[in-house]
Amino acid sequence: MGRFVALLVLWGCSLSCCSYVQLRKYYYINQNMSWGDAREYCRTHYTDLATIESDNDINGLQSGFSYEKAWIGLWDDPSSWKWSLGSHPNSWRWSSIGEPGRTSYSGFIYDDPNAQGAREYCAVMMEEGGWYDISCERNHSFVCYTASNGSGKVFHHVNTIKSWYSAQEYCRSHYTDLATIENAMENDMIFNDTQRLYFWIGLSRVPWTWSNRSPVSFTNWQTGQPDNQNSTQFCAAELSDHKWTDEDCSTRMVFICHKTMMSKTVVKMQIKASADLTDPTVNAKVLQQLRTKLTNQGLTNVVLRWRSPPTKQKKP
Ligand SMILES: *[C@@H]1O[C@H](CO)[C@@H](O)[C@H](O)[C@H]1NC(C)=O
Ligand SMILES: *[C@@H]1O[C@H](CO)[C@@H](O)[C@H](O)[C@H]1NC(C)=O
Ligand SMILES: *[C@@H]1O[C@H](CO)[C@@H](O)[C@H](O)[C@H]1NC(C)=O
Ligand SMILES: *[C@@H]1O[C@H](CO)[C@@H](O)[C@H](O)[C@H]1NC(C)=O
Ligand SMILES: *[C@@H]1O[C@H](CO)[C@@H](O)[C@H](O)[C@H]1NC(C)=O
């Protein structure tokens, strides 16, 4: 009997419709504050500075509010990447380990990294062996390495120009990976050997996270934004049409908080069965099997109920 019901569930149900109930409620706060103070205020009185992750969220924002710009919870926190390699989602990572700096060694020099133009998320080595952040799309020669047993790394300068990601692909298929540099001696070794300017090393980073450091999958930037004007714009604000722009985090402006509400997804199903669903035993087993199937697919807290309980239908 159990097996029979399982088959019924697999063959007999069709997904007819589903609807999504909004996750967050937004609150416009008419006080001028820096991004950091606004976040503090939102965390005290609501959940956080506004996280906006879909067109559905945007539809939940107020319209016709009379402000020029309002802070939202998106930032590219310089403390996670500017003064050290760091260990936050926006920090620099070595391609070989896919993780933020395993050692604290950093070869960035002068004012770099600075995310100039909000475009520079990959690192090159240049004069004096110093590192700079530049756009990952640019084409340069690069240094790969082979992990070797005991006697340290062996570095290989590849004299072909590629973007950072193509260089990474090349190094991964011919050697171990793009160069991972963990101390000044390795840095010198590479620089002494190549004596060139501008070549990729294995360091890159992903910009922007939400206030709670959750990753960004949806964006709604205004055309031409973000631009990190003067290399001082690391916090995001929405304009009155809900498009985003990057601004200096210390600017005082009004802001939007959100409160997280219960999320609910409603899925309507139609079940066709040749068994007698009006029989309470069969009926309970169908629901039980369906619940197990949904749980196995990673859906938790599933509540299942009949919209109207099955009733006996007259044979045509
Ligand atoms: C916030 O600053 C703007 C621009 O300086 C100003 O027009 C507005 O009146 C200020 N709002 C409040 C509530 O102080
Ligand atoms: C890099 O080279 C590729 C392939 O030759 C080319 O399509 C691309 O436009 C170049 N990128 C830049 C920024 O010049
Ligand atoms: C590392 O070195 C040891 C001893 O020289 C050798 O037995 C081993 O196979 C080497 N491992 C790799 C991955 O090269
Ligand atoms: C690199 O070159 C400099 C200057 O020629 C030299 O002093 C240094 O020892 C070299 N370092 C390495 C690791 O080869
Ligand atoms: C950029 O810097 C210039 C010169 O210091 C200044 O006049 C301008 O207001 C700055 N722009 C922003 C957006 O900070």
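Keep in mind that what you see is a predicted model, and the values were worked out from it rather than measured. Numbering of ligands and ligand atoms starts at 1, following listing order.
Taking atom 9 (O) of ligand 5 as the reference point, the nearest protein heavy-atom neighbour is Asn230 ND2, 4.8 Å.
The presence of a protein heavy atom under 4.0 Å from atom 14 (O) of ligand 1 is confirmed. Proximity of atom 11 (N) of ligand 5 to the protein is indicated by at least one non-hydrogen atom lying closer than 4.0 angstrom. Using a 4.0 Å threshold on non-hydrogen atoms, atom 7 (O) of ligand 1 does not count as touching the protein. When distances from atom 4 (C) of ligand 1 to the protein are checked, no heavy atom turns up under 4.0 Å.
Scanning all heavy atoms of the two residues, the minimum distance from Trp94 to Ile181 falls at CZ2-O, 3.2 Å.
The six-membered or imidazole ring of Trp244 lies away from that of Trp208, with a centre-to-centre distance of 6.0 Å or more. The six-membered or imidazole ring of Tyr170 lies near that of Phe142, with a centre-to-centre distance under 6.0 Å. In this structure, the ring of Phe108 has its center less than 6.0 angstrom from the ring center of Trp131.
Under the salt bridge (charged side-chain N to carboxylate O under 4.0 Å, His left out) test applied with Lys82, the options Asp76, Asp133, Asp111, Asp77 reduce to a single match, Asp111.
Checked against a 3.5 angstrom limit, the closest N/O atoms of Asn139 and ligand 2 fall inside it.
Distances below 4.0 Å separate heavy atoms of Gln229 from the following atoms of ligand 5: 11 (N), 12 (C), 13 (C).
Between His156 and Tyr175, the angle of the ring planes stays under 30°, which puts this pair in the parallel group of the 30/60° scheme.
Distances from atom 2 (O) of ligand 1 to the heavy atoms of Asn30, Asn32, Ile29 put Asn32 nearest.
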